[in-house]
Amino acid sequence: MPGFFYCAMERHRDINGRCLVVKIIILYNNYALIFIKANMTLRAIVCGALFGIAGVCSAADMTYTYTGNFFEHNDLTAEPSRMVAHFVFDFDHSPQAADNIYAIKRWDVSAAGLSFNQATPSFLPQFKFAFDGNMNIVEWYMSEANTSGWSAFSSAAGRFSNGYPAEDFVTPYVNWGQYASVQGKPGVWTASAAPVPEPAAYLTLIAGLACLAGLRRRSGKSQAT
């Protein structure tokens with residue numbers, strides 16, 4: 001996903017024009033990498049820097065959060081409740097994107113004391129999302145039945161509500177006839193970058209630094225000979 005990116009480089013040379021110190025500063029969203037190396041070729045430094053920034057950028061998954069309006073009918077909880085959902089998509093591996101079906105890395109939904117996620121046994125999960133030009137969710141359909149706790153939820157808005165008013169709905173099958181819902185008041189979606197790099201990003205960053213060290217040793221040996 002797109003994000004804030006900034007890169008700056010400083011080079012300091014001696015009177016003969018030889019590069020003594022190169023400093024590269026890379027900022028990506030909330031992450032910063034600073035490389036300071038002496039007596040190294042620019043190619044070696046850029047190689048290590050690119051490895052490092054690749055590791056950090058790979059962790060910048062976008063989390064889409066849905067916050068529904070409070071249920072107007074609620075048989076399930078005494079206190080006010082609403083539907084809250086989180087989705088992380090895999091846009092690079094979504095062959096059915098033209099049909100508004102996207103691969104999902106992880107998701108969870110909670111509403112009126114019930115919870116659902118990708119790990120719970122489910123029956124006929126259905127998820128469709130439409131994005132605008134800025135990759136904001138503007139229309140959606142979410143539905144799943146949990147075969148472990150025998151409960152279900154659905155949320156629909158826009159064309160995916162099939163002409164009916166937008167609705168958030170949740171029910172426990174064990175208490176058939178009891179449910180929580182709100183109609184005609186679709187919730188809102190927000191998107192935010194993951195605040196903490198994943199372990200794989202750290203490994204890639206270490207690989208980049210190792211690349212720098214290896215290239216420096218090889219450069220030192222060639223100069224000695």
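Note that this is a predicted model, so its numbers are computed, not measured.
- Residue Met83 holds its CE atom at 8.5 Å from OG of Ser110, rounded to the nearest 0.5 Å.
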Self-check item: Verdict with supporting geometry, Met135 and Phe91, side-chain contact (heavy atoms from CB on, under 4.5 Å)
Solution: CA-CA 11 Å; Met135 295 306 293; Phe91 293 104; 3.6 Å; yes

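- Contact detail for Ser151 and Leu114: the closest heavy-atom pair is CB-CD1, 3.9 Å.
- When all heavy atoms of Ser81 and Ala112 are compared, the pair lying nearest together is OG-N, 2.9 Å.
- Across all non-hydrogen atoms, the minimal contact from Thr147 to Ser122 is OG1-N, 3.8 Å.
- At a threshold of 4.5 Å between non-hydrogen side-chain atoms, the residues Phe153 and Asn146 do not count as touching.
- Annotation: Tyr64 is in aromatic contact with Phe89 [ring centroid separation under 6.0 Å].
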Quiz item: side-chain contact (heavy atoms from CB on, under 4.5 Å) between Gln178 and Leu76: does it pass, once the steps are laid out?
Solution: CA-CA 7 Å; Gln178 295 186 345; Leu76 307 181; 4.0 Å; yes

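- Aromatic rings from Phe127 and Trp107 are positioned such that their centres are separated by under 6.0 Å.
- With a 4.5 Å cut-off on side-chain heavy atoms, Val84 and Tyr66 do not count as touching.
- Lys128 and Glu139 are not joined by a salt bridge, as no carboxylate oxygen comes within less than 4.0 angstrom of a charged side-chain nitrogen.
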Exercise. Could you give me the CA-CA distance, side-chain angles and deciding distance for Phe71 and Val170, then say whether side-chain contact (heavy atoms from CB on, under 4.5 Å) is met?
Key: CA-CA 10 Å; Phe71 294 124; Val170 61; 4.0 Å; yes

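- For Phe131 and Tyr102, the ring centers sit closer than 6.0 Å to each other.
- Counting all heavy atoms, side chain and backbone alike, Asn74 lies closest to Ala180 at OD1-CB, 3.7 Å.
- One distance of note links CD of Gln126 with CD of Glu144; it measures 10.5 Å at 0.5 Å rounding.
- At least one side-chain heavy atom of Asn100 sits less than 4.5 Å from a side-chain heavy atom of Arg159.
- Checked against the 6.0 Å centroid threshold, Phe129 and Phe87 count as a close aromatic pair.
- In this structure, Arg82 contributes its side chain and Asn69 its backbone to no donor-acceptor pair below 3.5 Å.
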Quiz prompt | Verdict with reasoning, Trp189 to Thr65, per side chain to side chain donor-acceptor pair (under 3.5 Å) | solution = CA-CA 5 Å; Trp189 288 90; Thr65 300; over 6 Å; no

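- Inter-residue side-chain proximity for Trp140 and Ser155 is flagged as met; some heavy-atom pair is nearer than 4.5 Å.
- Of all heavy-atom pairs spanning Asn117 and Thr120, the tightest one is O-OG1, 2.8 Å.
- Taking each heavy atom of Ala152 and Ala145 in turn, the nearest pair found is CB-CA, 4.0 Å.
- Met62 and Val109 end up in the same hydrophobic cluster when Ile, Leu, Val, Met, Phe, Trp and Tyr side chains are linked at under 4.5 Å.
- Remark: Ser94 OG to Ile104 CD1 distance equals 8.5 Å, nearest 0.5 Å.
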Exercise. Using the side-chain contact (heavy atoms from CB on, under 4.5 Å) rule, take Glu167 and Ser181 through it: C-alpha gap first, then chi angles, then the decisive distance, then the call.
Key: CA-CA 7 Å; Glu167 181 181 26; Ser181 71; 3.7 Å; yes

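- Taking the charged nitrogens against the carboxylate oxygens, Lys105 and Asp61 do have a contact shorter than 4.0 Å, which makes a salt bridge.
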